[in-house]
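Because the structure is predicted, anything quoted here is derived from the model rather than measured. What you see below is based on every heavy atom in this structure, not just the backbone, and it leaves out hydrogens, waters and symmetry mates.
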Amino acid sequence: MEGSVIQRPRGTRDLLPPETRLWLAVETVAREVFASFGGEEIRTPVFEATELFVRSVGEGTDIVHKEMYTFPDRKGRSLTLRPEMTAGVARAWIENRLGDRSQPLRLFYLGPMFRYERMQHGRYRQFSQIGLEIIGADTPLADAELLAAMHEFFVRLGFTDLQIHLNNLGDPEDRARYQEGIRVALTPRRAELCSDCQRRLEENPLRILDCKVPACQVIAADAPGVDDVAGDPSRQHVAGVEAHLQALGIPYVRNRRLVRGLDYYLRTVFEVVSPQLGTNAVLCGGGRYDRLIADLGGPAVPGVGFAIGEDRLVEVLPARFKDAVLARAALYLVPMGAAAENRALELARGWIRGGVPVELEITGRSLKAALKRADRDGFRAVAMLGDDELKAKTVTVRDLAAGNQSAVPFADLPAWWQALPPAREAARPE
RNA sequence: GUGAGCGUAGCUCAGCUGGUCAGAGCACCGGACUGUGGCUCCGGUGGUCGGGGGUUCAAAUCCCCUCGCUCACCCCA
């Protein structure tokens with residue numbers, strides 16, 4: 001394109017109507033569902049001290065290593081656009097002494113996150129997450145309730161094909177023992193691993209488990225799972241979560257290869273994947289982080305939470321939900337002639353106050369063109385206002401789905417609108 | 001950070017062994033149907049062929065550079 005035209009930064013996108021309606025609808029459902037589980041919304045800054053993410057997400061992670069939007073402010077302080085939200089919530093919990101309130105706290109959030117990555121399908125430099133955190137409860141029941149709220153959210157949107165993957169990451173004390181176990185098991189077959197995994201064998205054996213190279217997968221299948229080596233406390237915890245899920249009838253699969261990319265997770269970790277998404281199929285990721293708040297200098301308070309990728313979610317939204325949101329159930333008021341135009345604004349205001357969504361035709365196009373547009377844009381009905389109608393104090397209303405029309409007195413329009421059947425039922429045979 | 005592909009009307013693309021190559025469909029506006037939609041027919045608006053440079057009598061078409069986009073790896077939402 002022309003060099004002089006300013007374009008949006010790489011990895012960002014403009015959300016345009018009508019798609020923004022889908023986003024609003026999804027966010028509304030999230031707020032309703034999470035609030036109904038006792039959640040309250042929390043809003044924290046979009047940028048934080050860089051140190052917060054280094055200490056919480058983990059120095060060795062890719063996120064901190066190469067994906068953060070870090071910059072110095074005018075006083076030279078290092079700030080970073082948040083790459084995820086849990087760290088900010090934990091910081092806010094400590095800073096605002098939320099521990100002084102009755103526990104636990106269920107906090108949900110919606111908003112943009114930032115990671116400096118190469119663009120790819122389902123991956124953006126600015127993306128939005130919807131998340132829920134339960135802080136102040138360390139029971140398996142807390143994890144199960146969190147998963148129930150998440151599940152309910154997806155059900156409410158009409159999803160039927162999502163899979164929940166669950167695993168036990170063990171406790172931090174188990175980690176060293178586990179890494180040693182992997183090394184012992186795989187070192188003899190070191191030569192068969194891909195070059196990345198050979199390096200991982202030294203640096204982070206855990207990651208070998210979710211390597212995508214087929215040969216590595218075969219070898220990794222023989223290695224012990226984290227759960228096989230983990231201590232009793234974490235195994236009992238995750239077993240408890242599973243028992244609750246089974247009792248509730250929430251389907252999930254136990255995936256021993258599931259590993260998460262943030263350092264603070266322990267015990268329960270999970271992902272939700274959509275078969276409709278290709279390479280980046282993870283719609284939601286989460287887990288337990290009982291040491292995070294203490295590690296950030298706060299009291300020893302346990303937490304568990306998840307984050308849903310809103311961009312990916314909207315992309316695979318069930319058609320039924322989308323159709324319902326995108327149908328434009330509004331009345332299109334078309335004035336014909338100068339006198340009608342004067343009256344139309346006033347009528348529209350009255351009807352809008354009466355609860356009718358009214359869009360006024362304001363371009364002066366012909367009635368024929370207006371009807372064509374009404375049809376194309378999915379209006380429920382058209383109200384036509386010309387000299388004849390002005391004289392009779394009525395509008396000619398046309399039910400676009402049924403194809404019939406009638407005269408309705410100005411004052412009766414809201415009642416007429418309320419009595420209109422849904423478009424689907426009114427559809428003409430033909 | 002690594003590798004591959006693509007950039008022609010608002011959208012999807014054809015044209016790409018250089019010479020009616022500036023086109024089609026959809027969309028948009030209008031007409032046939034002068035106050036009535038969805039079908040059909042007709043007409044119209046709209047493009048520095050991403051940008052710059054080069055080769056040539058001649059470049060959308062070949063070469064170089066650049067910008068942008070996409071996909072995969074890595075990793076994640």
Side-chain angles (χ1 to χ4, degrees), chain A residues 1-11 13 16 57 60-67 82-86 110-131 194-197 199-200 204 207 210-213 258-262 271-274 277-286 306-316 332 334-337 340 361 363-390 395-405 427-428 430:
Chain A
M1 284 294 152
E2 288 181 40
S4 60
V5 175
I6 298 174
Q7 299 177 300
R8 64 179 184 271
R10 173 176 290 204
R13 46 201 210 130
L16 309 171
V57 175
T61 62
D62 273 17
I63 290 177
V64 169
H65 193 230
K66 62 176 191 181
E67 295 173 5
R82 63 187 185 198
E84 58 102 42
M85 189 75 173
T86 303
L110 328 172
M113 309 294 156
F114 306 83
R115 291 183 198 171
Y116 190 92
E117 296 186 277
R118 286 278 287 262
M119 269 283 283
Q120 196 180 128
H121 186 208
R123 217 170 64 186
Y124 310 96
R125 290 186 174 179
Q126 176 179 334
F127 59 100
S128 288
Q129 289 189 333
I130 300 174
C194 70
S195 57
D196 281 335
C197 283
R199 180 174 46 76
R200 288 174 181 137
N204 192 359
R207 285 243 153 260
D210 66 350
C211 181
K212 281 161 194 137
V213 176
L258 175 61
V259 167
R260 307 240 70 239
L262 290 74
E271 286 182 348
V272 178
V273 301
S274 164
L277 290 167
T279 316
N280 298 308
V282 179
L283 258 192
C284 169
F306 63 76
I308 294 165
E310 193 174 2
D311 304 75
R312 292 178 188 177
L313 178 75
V314 169
E315 191 182 329
V316 297
Y332 189 33
V334 183
M336 292 171 285
E361 165 49 44
T363 69
R365 50 158 59 94
S366 69
L367 176 62
K368 179 183 179 60
L371 278 163
K372 201 168 174 176
R373 194 224 147 188
D375 182 56
R376 171 163 27 88
D377 290 349
F379 282 92
R380 182 66 190 85
V382 175
M384 292 165 275
L385 184 68
D387 291 340
D388 297 345
E389 286 82 2
L390 284 175
V395 279
T396 300
V397 290
R398 183 169 178 84
D399 178 339
L400 286 172
N404 55 42
Q405 62 186 45
R428 296 191 277 178
E430 197 168 16

Measure from CD on A:Glu67 to P on B:C75 and round the result to the nearest Å. 10 Å

I'd like the C1' distance from B:G15 over to B:U55, given in whole Å. 22 Å

Rounded C1' spacing from B:C13 to B:C21 in Å: 15 Å

Length of the CG-C1' vector between A:Asp377 and B:G37, whole Å: 12 Å

Per the side chain to side chain contact (heavy atoms under 4.5 Å, CB included) rule, which among A:Leu283, A:Val272, A:Leu277 passes with A:Leu313? A:Leu283

Quote, to the nearest angstrom, the C1' distance that separates B:C64 from B:U45. 38 Å

Report the base-pairing partner of B:C49 (Watson-Crick or G-U wobble, both distances below 3.5 angstrom), or none. none

For B:C75, the Watson-Crick or wobble counterpart (both distances under 3.5 Å): none

Sort out the partner of B:C11 for me: Watson-Crick or G-U wobble, both distances under 3.5 Å, none otherwise. B:G25

The criterion is salt bridge (charged side-chain N to carboxylate O under 4.0 Å, His left out); which residues satisfy it with A:Glu67, sequence neighbours excluded? none

Any side-chain heavy atom of A:Lys372 sitting closer than 4.5 Å to one from A:Arg365? no

Can you find a pair of side-chain heavy atoms, one from A:Leu400 and one from A:Leu371, that are under 4.5 Å apart? yes

Walking RNA chain B from its 5' end, the first of A:Gly122 and A:Asp388 to be reached, judged by nearest nucleotide, is A:Asp388

If only atom types and distance count, is the side chain of A:Asp311 paired as donor or acceptor with the main-chain N or O of A:Ser128 below 3.5 Å? yes

In whole angstrom, give the distance that lies between atom CZ of A:Arg10 and atom C1' of B:C67. 9 Å

Grab the CD-C1' distance between A:Gln129 and B:A77 for me, whole Å please. 5 Å

Distance-only donor-acceptor hits, side chain of residues 110-120 of chain A, under 3.5 Å, sequence neighbours excluded:
residue: A:Arg115; atom: NE; partner: A:Pro83; partner atom: O; Å: 2.9
residue: A:Arg115; atom: NH2; partner: A:Pro83; partner atom: O; Å: 2.9
residue: A:Gln120; atom: OE1; partner: A:Asn280; partner atom: ND2; Å: 3.3

Which parts of nucleotides 27-33 of chain B does protein reach within less than 4.0 Å, heavy atoms only, written one letter per nucleotide 5' to 3' as B for base, S for sugar-phosphate only and - for none? -SSS--B

CZ of A:Arg125 versus C1' of B:G68: gap in Å, rounded? 13 Å

Can a side chain N or O of A:Arg312 be found less than 4.0 Å away from OP1 or OP2 on B:C76? no

Report the distance from atom CD of A:Gln120 to atom P of B:C75, rounded to the nearest whole Å. 12 Å

Between B:C75 and B:G1, how many Å separate the two C1' atoms, rounded to a whole number? 12 Å

Between B:C63 and B:U56, how far apart are the P atoms? Round to whole Å, please. 16 Å

Test of understanding: with salt bridge (charged side-chain N to carboxylate O under 4.0 Å, His left out), list the residues that count as partners of A:Arg8, not counting sequence neighbours. A:Asp14

Got A:Glu389 and A:Thr396 here, is their nearest side-chain heavy-atom distance under 4.5 Å? yes

Sequence neighbours excluded, which residues qualify as side chain to side chain contact (heavy atoms under 4.5 Å, CB included) partners of A:Asp377? A:Arg328, A:Arg373, A:Phe379

Reckon A:Asn280 touches a base, only the sugar-phosphate, or nothing at all at heavy-atom distances under 4.0 Å? base

Across every strand shown, the nucleotide meeting Watson-Crick or G-U wobble geometry with B:C6 (both distances under 3.5 Å) is B:G68

If you find the nucleotide of RNA chain B closest to A:Phe127 and the one closest to A:Gln405, which residue's nucleotide is nearer the 5' end? A:Gln405

Could you list, one pair per line, each protein nitrogen or oxygen that sits under 3.5 Å from a nitrogen or oxygen of nucleotides 1-6 of chain B, together with the distance?
residue: B:U2; atom: O4; partner: A:Arg118; partner atom: NH1; Å: 3.1
residue: B:U2; atom: O4; partner: A:Arg118; partner atom: NH2; Å: 3.4
residue: B:G3; atom: O6; partner: A:Arg118; partner atom: NH2; Å: 2.8

